[in-house]
Amino acid sequence: MTSETPEIWYAAYGSNLDPRRLACYLEGGTPPGGSRATPGARDPRPPRAARALMLPGDVYFAWDSPTWGGGVAFLDPEGAGTSPGCAYLLSQEQFSDVVAQEMHRPPGTDLDLGVLGRRRSWAFGEGRYETMHVLGEVDGVPVVTFTAPSTAPLDYRAPSRSYLTVMGLGLMGSHGWDAGAVASHLMGCRGIGETWTVSSIAALLGTRR
């Protein structure tokens, strides 16, 4: 990845599966059901393209988000199987600003994404979303995501109603799944907790079409 490839496919697997949530990182604003506004990126334009894809590894819920009031999604690229995602074609500047806001920092600092041209993963910090992974290419453009470092303690925590709604609607929109299929996928994620069931998640999403 170099200055000759100024765009990347950002692979989302959590709440950013919903383009309305991603738009808050680009245009600024508060996501549906969230409690924290973000300022937006230096370049507020929407993604140049978006496409559904399957990511290597599995998704789990952990941490305690001040935005959502519960666990949020993380990808373990070394985990078993694959997980549904949505790739957005962004500029490297936009991607840097999304990462900054995910870490509750102001946008405006470009990440050295050229490092990812020389390695498949790169930890630029120890934070929950500061480990980058190159997951492949689409049309010759790298597919990149960010997640927790492999050394992070897995403090599993069930997601809130609002977070599951945004993530679930994102899966329905990007992959065309119905509420039951999404609920079955989410119930298979580590950290989902004992409160949620396939039927309760399906009911939640079935009323939010």
Side-chain angles (χ1 to χ4, degrees), residues 8-22 25 31-34 50-65 67-88 95 98-99 102-103 120-121 123 127-136 138 143-202 204-205 208:
I8 65 171
W9 289 100
Y10 158 47
Y13 53 83
S15 62
N16 286 342
L17 285 162
D18 189 333
R20 298 174 303 166
R21 200 287 175 264
L22 181 67
Y25 286 137
R51 61 189 300 169
L53 75 175
M54 298 300 292
L55 310 179
D58 64 340
V59 168
Y60 63 92
F61 296 105
W63 196 51
D64 187 8
S65 170
T67 300
W68 302 102
V72 290
F74 296 90
L75 178 72
D76 177 4
E78 304 300 324
T82 58
S83 297
C86 182
Y88 299 99
F95 180 75
V98 170
V99 174
E102 284 277 13
M103 291 302 300
R120 301 295 292 180
S121 63
R128 62 194 178 279
Y129 286 132
E130 291 185 326
T131 299
M132 304 288 177
H133 293 277
V134 180
L135 304 179
V138 172
V143 178
V144 181
T145 196
F146 48 81
T147 186
S150 59
T151 56
L154 298 182
D155 182 17
Y156 294 134
R157 186 179 297 272
S160 66
R161 178 185 182 92
S162 56
Y163 188 85
L164 273 189
T165 298
V166 172
M167 183 176 175
L169 291 178
L171 283 169
M172 293 171 74
S174 59
H175 284 261
W177 293 358
D178 62 22
V182 170
S184 294
H185 163 69
L186 294 173
M187 282 302 301
C189 296
R190 289 177 283 157
I192 188 66
E194 299 179 355
T195 302
W196 292 105
T197 64
V198 170
S199 60
S200 65
I201 296 174
L204 173 67
L205 299 175
R208 300 295 294 272

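Each residue takes its place number in the sequence, starting with 1. The shown structure was predicted, so the numbers you read here are calculated from the model rather than taken from an experiment.
Between atom OH of residue Tyr129 and atom CH2 of residue Trp63 there is a gap of 8.0 Å, rounded to the nearest 0.5 Å. Distance check: Ser162 OG to Leu204 CG gives 9.5 Å after rounding to the nearest 0.5 Å. Atom OG in Ser199 sits 9.0 Å away from atom CD1 in Ile201 (nearest 0.5 Å). The CZ atom of Phe146 sits 10.0 Å away from the CE atom of Met103 when rounded to the nearest 0.5 Å. Trp177 contributes atom CH2, which lies 9.5 Å from atom OG of Ser184 (distance to the nearest 0.5 angstrom). Taken from OG1 in Thr165 to CG in Leu205, the straight-line distance is 6.0 Å, to the nearest 0.5 Å.
Closest non-hydrogen pair, Val138 versus Trp9, comes out as O-NE1, 3.2 Å. Among all heavy-atom pairs drawn from Tyr13 and Ala73, the shortest one is CE1-O, 3.5 Å. Between His185 and Pro84, the shortest heavy-atom distance links the atoms CE1-CD, 3.3 Å. Residues Val143 and Ala11 come closest through the heavy atom pair CG1-CB, 3.7 Å. Between Ala202 and Ala183, the closest heavy-atom pair is N-CB, 3.7 Å. Among all heavy-atom pairs drawn from Gly69 and Asp64, the shortest one is C-OD1, 4.0 Å.
By the 30° and 60° cut-offs, the orientation of the rings of Tyr60 relative to Phe74 is parallel.
Using modelled atom types, one finds a donor on one side chain and an acceptor on the other under 3.5 Å when comparing Asn16 with Tyr10.
Using a 4.5 Å heavy-atom threshold, the side chains of Val72 and Arg128 count as separate. Using a 4.5 Å cut-off on side-chain heavy atoms (C-beta onward), Met54 and His175 make contact. When side chains are defined from C-beta on, Ile192 counts as touching Phe61, because their heavy atoms get closer than 4.5 Å. Between Ser150 and Glu78, the closest side-chain pair of non-hydrogen atoms is not below 4.5 Å. Residues Leu186 and Trp196 fail the side-chain proximity criterion, which asks for heavy atoms closer than 4.5 Å. Between His133 and Leu75 there is no side-chain heavy-atom pair separated by less than 4.5 Å. No side-chain heavy atom of Ser65 sits less than 4.5 Å from a side-chain heavy atom of Tyr163.
Applying the salt bridge (charged side-chain N to carboxylate O under 4.0 Å, His left out) rule to Arg120 yields no partners; only residues at least two apart in sequence or on another chain are considered.
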Worked verdict on Phe95 versus Met132 for side-chain contact (heavy atoms from CB on, under 4.5 Å): CA-CA 11 Å; Phe95 180 75; Met132 304 288 177; 3.7 Å; yes
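The backbone N or O of Val166 lies less than 3.5 Å from no partner atom in the side chain of Ser15, so there is not a single donor-acceptor pair.
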